[in-house]
There are 2 protein chains.
Amino acid sequence: MDVTGHNESAATDSPRAAASIRDVARVAGVSYQTVSRVINGHSSVSADARERVETAIGSLGYRPSRAARALAHGMENVVTVLTSNTSLFGYAQTLAGIEEAARTAGVRVAIRVLSSDDPDVVEAAVEQVSDPRSGAVIVLGFDRAGARALAALPAVVRASAAVESYVGRRAPKADNHRWTWFDDTVAAERATAHLLDLGHATVHHMAIPSSSTVGDRQRGWQRALRAVGAPVPPVIRPESWTTQAAHAAALEVLGSPEITAVLCGNDDQALGVLRAAHDLGLSVPGDLSVVGFDDIPGAPFFTPALTTVRFDFAGLGRRAFEVLGIGHDPKPEPSPIPQPTLIIRESSGPAATRRPTSKR
Amino acid sequence: MDVTGHNESAATDSPRAAASIRDVARVAGVSYQTVSRVINGHSSVSADARERVETAIGSLGYRPSRAARALAHGMENVVTVLTSNTSLFGYAQTLAGIEEAARTAGVRVAIRVLSSDDPDVVEAAVEQVSDPRSGAVIVLGFDRAGARALAALPAVVRASAAVESYVGRRAPKADNHRWTWFDDTVAAERATAHLLDLGHATVHHMAIPSSSTVGDRQRGWQRALRAVGAPVPPVIRPESWTTQAAHAAALEVLGSPEITAVLCGNDDQALGVLRAAHDLGLSVPGDLSVVGFDDIPGAPFFTPALTTVRFDFAGLGRRAFEVLGIGHDPKPEPSPIPQPTLIIRESSGPAATRRPTSKR
DNA sequence: GCCATGGATGTGACCGGTCACAATGAGTCA
DNA sequence: TGACTCATTGTGACCGGTCACATCCATGGC
């Protein structure tokens, strides 16, 4: 690609093309098979031969060809992450965790975005990605598109050699996948209990749209309410998972003074709720307590700083990779699933009877 | 491929392994070369032969092997994105744009994270990635690590056939790369002018740490100030690009009442500044105007909603891919570089003399 | 009727690794 | 000393495509 006339490189001949295993063998005075053995750390190679091969590799700048290896081996040394989103904090962090683990293990990371949750689109993507020759697959199943991808996966992969991993909010039904997930139930339960402890008569819940009608977060929230005999109010359902939708939904419902605490599906929603409270002249946490999920980087700097549940998404991603058992020295026992932590900041406080007059 | 007992496919033998080009040829009654021609849309194939081949492909579920193609062709059909971060909005969106364009063009996207801006780390990553056989490379040069990667790239790539693209804040010096960047100078100039128009005597600037001591944003800011003869105050430099560092830096400097407007390096910093103003009892925009860069999704919902400059990162990413000229029908003329837009919201307003007493 | 032209098709070699198997030579044991 | 084991090394075929080149046949101009 470079047209400028540069170096003529080594004086030997024209090593224009990259050095191959046979070039190394010739220089080292051994057979190509011996070179292959050295590269792969095979045991039965004499110290003498090994050293000469390593020297030759260094002097030629030899690097094994992924393509050739993949062709011979029948599978690429790649893990493809199937996700519907790259920007949202949780997704991006999980991807970062996967990449880190994969990089350490010498495995390349590819990414394939699901452009919509249309079943046809999802199925096409899965079909494309689950060619056994194209390596392992990790599905980020945080949302509907991901859940559909997971559902489409088994049929395709059933008899193939492809290895796949599933990251999500809950354990999938099929047990032929290796999965990693957060204990959302406990997390939601704890966050709800925190609000109840502050004296709120009950806690409202704003849900993120999900494939399962009753998500794990919802379940934990209900469990906490029932544990203390608190009423279970209807779930607030914004039209989408955007901050804007949460803001709009909150503007509609926050009028009723009986809402004193809201457990939001994630921090982005919580931001919309905070803003809606501000728009309605409600003070947080004076009139309303708000709790989120995820602990996005901005959360500590919202006004008020957001109480939220922190998830170790990067740790989740690392584990999702580890369970695949591929790459350099795969761990027999992957790291444990990281547990969520409740981070209490300013947006949650003691319950106070709301003055209907405070609404302007 | 599939164990569930549907079709037994061809009665011939056991098509356990994936079908190859020669299998297709046998079924279609042509040579493997003809199959190759059909796959690649070569012209000189009779309609009859083409049809039989396509039928055979369908019935065998044939799919070409990336690995074999890469091996024969000498280069993989992959673009690797080299970046220091996956979570920050701008990075993630750019990645999304690249992925979208690449997906459309039938090119796989790989990602390689620079774990630090340590020159050794960066160089090792570049060295690894710029193997001409492993496809094209796109460097996200938004920060120091990216800039270093770019600097390391030419030396490695010089004699290789690798195609690379550079995405950044400014055009790199070397012109042997294909680059795409935002006009940060104009963007900063416009944002600064907006504040000056509101009557502010001058505008302070909080910079994001960058490789160039004088970034383009800084240049545009200065130009706008000089255009109206406003003084150029010293740049506020947080220790890092985090919201937390911006918050800390702002707490230190916002005490002086002569600061009435701050142009922040990005929205994350702006959030920290907003929060610092709140902590100091300053009203925004009453006492202080704050403007950011990027227009992250939360910006409209901050209190106050943030005035900021919107960048079309996804568009930038798409263009970065297009300039590589790879994949299906590469565009001869890539889309234009998207222009930034100033989005005026609540955090910027008319200048007012700050009452020193308002500081608590 | 002859040869140039060109579309359609096939054959062999090759890309750079890996696997299966054979061959060599030294050391061990009966 | 012969048979056997075992470490070390080498050879050939193969993975699934692509490229370069040869071949075949139909057409058309002279």
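No hydrogens, no waters, no symmetry mates; every other heavy atom, side chains included, goes into these values. Residue numbers begin at 1 in each chain, while the letters A, B, ... track the order of the sequences.
For the 3.5 Å distance criterion, the side chains of A:S335 and A:E322 qualify, holding a donor opposite an acceptor. Between the side chains of A:R108 and B:T80, a donor-acceptor pair is found at a separation under 3.5 Å. B:D143 and B:Y91 are linked by a side-chain donor-acceptor pair at a separation below 3.5 angstrom, with hydrogens and angles left out of the test.
In the region residues 27-42 of chain A, proximity to DNA chain D at under 4.0 angstrom, judged on heavy atoms, holds for A:V30, A:S31, A:Y32, A:Q33, A:T34, A:R37.
Closest contact between the side chain of B:A49 and the listed nucleotides C:dT9, D:dG17, C:dT18 involves C:dT9.
Distance B:E76 CD to C:dC15 P: 18 Å, rounded to the nearest Å. In this structure, the CZ atom of A:R66 is 18 Å from the C1' atom of D:dC15, given to the nearest Å. Atom pair A:D48:CG and D:dT8:P shows a separation of 12 Å (rounding to whole Å applied).
The base of C:dG16 lies outside donor-acceptor range of the side chain of A:R69, with no N or O pair under 3.5 Å.
Of the two residues near DNA chain C, B:R52 and A:H73, the one whose nearest nucleotide lies more 5' is B:R52. Map A:R50 and B:P64 each onto its nearest nucleotide of DNA chain D; the residue landing nearer the 5' end is A:R50.
Between A:R133 and A:E76 no salt bridge is recorded (no basic side-chain N to carboxylate O distance below 4.0 Å). For the pair A:R63 and B:E127, the salt-bridge criterion is met [side-chain N within less than 4.0 Å of a carboxylate O].
The OG1 atom of B:T83 lies 11.0 Å from the CD1 atom of B:I138; values are rounded to the nearest 0.5 Å.
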